[in-house]
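A, B, ... follow the sequence lines: proteins, then strands. Residue 1 opens every chain.
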Number of protein chains: 2
Amino acid sequence: MSGRSLDHTIHAFEFIEELDRLASPQAIIDAMERSFAQYGFENFIMPGLPHPEQQIESLVLLKKWPLGWYERYTRNSYDRHDPVIRLCRRTVQPFEWGEAHSDPETIPKGREIMHGAADFGMRQGYCLPIHGLNGFEACLSMSGPDLDLTPQTKPAIHLMSMYAFERARLVLAPSARPNPLTAREREALRWAALGKSAADTGEILGVTERTITAHIGSACAKLSAANKTHAVARALQHRLIEI
Amino acid sequence: MSGRSLDHTIHAFEFIEELDRLASPQAIIDAMERSFAQYGFENFIMPGLPHPEQQIESLVLLKKWPLGWYERYTRNSYDRHDPVIRLCRRTVQPFEWGEAHSDPETIPKGREIMHGAADFGMRQGYCLPIHGLNGFEACLSMSGPDLDLTPQTKPAIHLMSMYAFERARLVLAPSARPNPLTAREREALRWAALGKSAADTGEILGVTERTITAHIGSACAKLSAANKTHAVARALQHRLIEI
DNA sequence: TTGAATATTGTAGGAAATTACAGGTGCGTC
DNA sequence: GACGCACCTGTAATTTCCTACAATATTCAA
């Protein structure tokens, strides 16, 4: 292994050790700025991927990002059409921004966005999609004017990014919110997701059809769902039930 | 950074470079056996996590695993109650087998399984859950008689395991199966998942309610679903639709 | 102990879904 | 051109769902 490769492997693991001692978002950003500089990165953002009803601003965990671009991005809801965000939902592997182009649904809106980023000096970037539990999906997107992205450096960046994300999540959201559904509501939704009618599920669980209807109804209320199908979709999306 | 730490950082990245040259599952297993030996691992298995209707045997991507234990495990469908498998579905971070105990639903069945593994010399282990797309969830579980698991070695093992999994997936399943649903079927299911009735969706898409019913019906047939709710659940599970 | 949440069940009417029977158009391939 | 496929639409009968109005029992926390 070359000396250059050796350098970044050492830095990657040192960075991970350092993360455990960082207690604030700003400290994490600062550490990332120092440690990712060797690969040419200058800007970082760590947004949650918004559901259709959410605003992306409310989900940004960390950022060191050109302010003008961030404002334009959020003002125009670019996240709805950003090829990078779209690719994040379809892949689990990190990718370069340039690999996110071939999405027919985002052209030409996607081009506009990528060109806008370039106007703020961000022509190249690297993005790590993060597919977690509880319906929580996020990514870590990074940019810089002259990146060192090779088959040797990418795994190091990948590893550093994953641990940076986990640390940020721990620092920012130390307590997971509990499952709002009761055991019976989960059972009723689970059987519904498997195609059972209320009468079927009642027979399975040894209660009346009316009881299952009641459980489904209260689950709909808690999930703000319009009907059973909607409730099952939301429960699956937020990993409140397992099928 | 200590010399010992340095060793494993080098090995981790060398292993990742080596993976790209491996073309068969056996070659990957052999390479893992060599490279994971430094941490004390001797046995590996890489199963997909079965859905309720699936058998775990059909999902094993790679294995070097005690044969007697594997046979007993599959014969008794231990995967239904294995605390390690259950924790895999609830977390994205790698964990030691010992951390998977506190699942009230698996005791005492879970104890029986863990003791069974111990009978085959597998008292300690480490497991990396893999949450991918297309409904594909898997894990990489590793064991050995005397493991070197520290805050320094765990990230290296994590990284090596992730890339080994990706390589195995690439070698074993080079072609992704196409989405069986038509564009209209996906749209109909997507709006259904968002709580819309057939009449609502018809209005949104500018067709009659009857047309939406037909799309939902054909989607149900393709997905072997009993009804709309079931079809939405399966489509979400297999990432055929995005909401 | 008192109230809130959960679990259970009932009736009844209207809304929505499912299925079976039928039929039309357009598009691309063999 | 024939064929398959996607897409679109209709009627009608049946099933299932959804909701409003009730009611009883249990559990658990304030």
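dA7(C) atom P lies 11 Å from atom CD1 of I212(A), rounded to whole Å. Atom CG of D200(B) is separated from atom P of dC17(D) by 18 Å (rounded to the nearest Å). The CD-C1' distance, from E203(B) to dA16(C), rounds to 15 Å in whole Å. Counting to the nearest Å, the P atom of dT15(D) and the NZ atom of K196(A) are 18 Å from each other. As rounded to whole Å, 12 Å separates atom C1' of dC8(D) from atom CG of L205(B). Rounded to a whole Å, the CD atom of E185(A) is 12 Å from the P atom of dA5(C). Rounded to a whole Å, the NE2 atom of H230(A) is 18 Å from the C1' atom of dA15(C). For the pair K228(A) NZ and dT18(C) P, the computed distance is 9 Å after rounding to whole Å.
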- Query: Would E96(B) and Q124(B) count as a side-chain hydrogen bond (donor to acceptor under 3.5 Å, both in side chains) if you check the C-alpha gap in whole Å, the side-chain angles of each, and the deciding distance to 0.1 Å?
  - Reply: CA-CA 7 Å; E96(B) 296 183 51; Q124(B) 301 177 74; over 6 Å; no
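Between the side chains of S218(B) and E185(B), at least one donor N or O lies within less than 3.5 Å of an accepting N or O. Looking only at atom types and distance, the side chain of W65(B) has no donor-acceptor partner in the side chain of S141(B) under 3.5 Å away.
Of the candidates dG10(C), dC17(D), dT9(D), dT9(D) carries the atom nearest the V207(B) side chain, counting heavy atoms from C-beta on. Closest approach to the T182(B) side chain among dA17(C), dA6(D), dT8(C) is made by dA6(D) (side chain taken as heavy atoms from C-beta onward). The side chain of K222(B) approaches dA6(D) more closely than any other nucleotide in the set dA22(D), dA6(D), dA7(C). Of the candidates dC7(D), dT11(D), dC18(D), the closest approach to any side-chain atom of A183(B) belongs to dC7(D). Here the nucleotide nearest the side chain of T211(B), chosen from dC7(D), dC8(D), dT8(C), is dC8(D). Closest to the side chain of R210(B), from the set dC21(C), dC18(D), dT9(C), is dC21(C). The S197(A) side chain lies nearest to dC17(D) when the options are dT8(C), dT19(D), dC17(D).
In this structure, R184(B) reaches the sugar-phosphate backbone alone: every heavy-atom distance under 4.0 Å involves primed, P, OP1 or OP2 atoms, never a base. Nucleic acid contact class of A214(B) (heavy atoms, under 4.0 Å, all strands): base. Nucleic acid contact class of S218(B) (heavy atoms, under 4.0 Å, all strands): none.
Judged by the 6.0 Å distance and 45° axis criteria, K63(B) is positioned over the aromatic ring of Y70(B).
Distance check, rounded to the nearest 0.5 Å: CZ of R190(A) to NZ of K196(A) gives 11.0 Å.
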